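These numbers were taken from a predicted model, which means no experiment stands behind them. Side-chain atoms are counted along with the backbone in the values below, which use heavy atoms only and exclude waters and symmetry mates. We're numbering straight along the sequence, starting at 1. In each ligand, atom 1 is the first atom listed, and ligand 1 is the first ligand listed.
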Amino acid sequence: MKLRVFETEKEAGRYIADVFESALKLRPDPLFGLATGSTVRELYDCFAKDCETGAADFSSARTVNLDEYLGLSADHPQSFSYFMRHNLFLRTNFKKENLYLYDGGGDPVTETARIKAFLDENTIDVMILGVGTNGHIGFNEPDSAFESSPHSVDLAMETIKANSRFFNDESEVPKRAFTIGMRDIVKTKKVILAAFGEGKAKAVKRLFADDRADPQLPCSILNLIPASEVVVDRALAQAAGLE
Ligand code: GLP
């Protein structure tokens, strides 16, 4: 697990975009594992810019999203499908038929089986992960089984509180969600976890405090993935005492 510190979030986003785009040069149809949230905004801005200038062509790339709120359909502004559409897919030339996203309004059993079948057949080439303040990745909350495949989960109270900033109030935050499993993350060829700002310093500090994978800190599973990187900005690195 390699730590990379960038002066700003913007520089970090550029670096991560370059890693994804280099996968396009190795094969025409790489599978990208994609996240939602404030952490990926710079990355998706880079993708949009590169598509517009012709520096990148995503028309054959395939994507699978990490997670989704259970109960929010794709037209709900707080659904992750909506986020992906507006922050990435409508701004680039990814093709609809190449995108795998949970349907948050769909049947949990059917949706889980559909994403699981896809990931059983396909290995993710490059994945971007954000991290929750409690160390969750995707929606794999503390104490998640390391051998899990796509499934639905009860969200931790800390996650509900943290994500309430996107809703009118805490009671509107869905209590359950879909997520790809820890096993799907470990099988990925290249994993980049990004975290910016002092608010994530505690989780990242815990991550670098130990080189074991601890189920109480889901992001520590990166210790089991040789080609994994943690990309942070200087503000976080200093707050976490990493430099
Ligand atoms: C959310 C999502 C994750 C996301 C993380 C960080 O709860 N489940 O997929 O990566 O928390 O979000 P943000 O980037 O907004 O801090």
Inset, instruction - Please work out whether the ring planes of Tyr69 and Phe139 are parallel, tilted or perpendicular, with thresholds of 30° and 60°. - result: tilted

Inset, instruction - Decide, yes or no, whether a salt bridge links Lys10 with Asp233 under the criterion of side-chain N to carboxylate O below 4.0 Å. - result: no

Legend entry - Side chain to side chain, Tyr15 and Glu229, heavy atoms closer than 4.5 Å: yes

Inset, instruction - Number the atoms of ligand 1 from 1 as they appear, then name those within less than 4.0 Å of a heavy atom of Thr36, with their elements. - result: 4 (C), 10 (O)

Inset, instruction - Report the part of Arg165 in contact with ligand 1, treating N, CA, C, O as backbone and CB onward as side chain, heavy atoms under 4.0 Å; options are side chain, backbone, both, neither. - result: side chain

Inset, instruction - Using heavy-atom distances, let me know which of Val131, Val153, Asp67 sits nearest atom 9 (O) of ligand 1. - result: Asp67

Inset, instruction - Report the nearest protein non-hydrogen atom to atom 10 (O) of ligand 1: residue, atom name, distance rounded to 0.1 Å. - result: Gly130 CA, 3.3 Å

Inset, instruction - Might you work through the side-chain contact (heavy atoms from CB on, under 4.5 Å) test for Leu3 and Val232, ending with a clear yes or no? - result: CA-CA 8 Å; Leu3 173 68; Val232 302; 3.9 Å; yes

Inset, instruction - Mark up the atoms of ligand 1 that fall under 4.0 Å of a heavy atom belonging to Phe139, in ascending order. - result: 7 (O), 8 (N)

Legend entry - Full working for salt bridge (Lys or Arg N to Asp or Glu O under 4.0 Å) between Asp184 and Lys116: CA-CA 9 Å; Asp184 306 309; Lys116 180 177 184 310; over 6 Å; no

Legend entry - Protein residue, atom and distance nearest to atom 1 (C) of ligand 1, heavy-atom basis: His136 NE2, 3.6 Å

Legend entry - Qualifying residue for salt bridge (Lys or Arg N to Asp or Glu O under 4.0 Å) with Asp125, from Lys187, Lys190, Lys189: Lys189

Inset, instruction - Using distance alone, determine whether Thr39 and ligand 1 share an N or O pair under 3.5 Å. - result: yes

Inset, instruction - Just jot down the ligand 1 atoms closer than 4.0 angstrom to any heavy atom of Gly138, in number order. - result: 2 (C), 3 (C), 8 (N), 9 (O)

Legend entry - Validation row: Ile221, Phe146 side chains within 4.5 angstrom (heavy atoms): yes

Inset, instruction - Pull out every atom of ligand 1 sitting under 4.0 Å from any heavy atom of Asn163, numbered as shown with elements. - result: 1 (C), 7 (O)

Inset, instruction - Provide the number and element of each atom of ligand 1 under 4.0 Å from a heavy atom of Gly37. - result: 14 (O), 15 (O)

Legend entry - Asp210, Leu207, Asp211 screened by side chain to side chain contact (heavy atoms under 4.5 Å, CB included) with Ser220, the one that passes: Leu207

Inset, instruction - For atom 15 (O) of ligand 1, state which one of Ala156, Ala35, Ser38 supplies the nearest heavy atom. - result: Ser38

Inset, instruction - Report, in ascending order of atom number, the atoms of ligand 1 lying under 4.0 Å from any heavy atom of Lys200. - result: 6 (C), 13 (P), 16 (O)

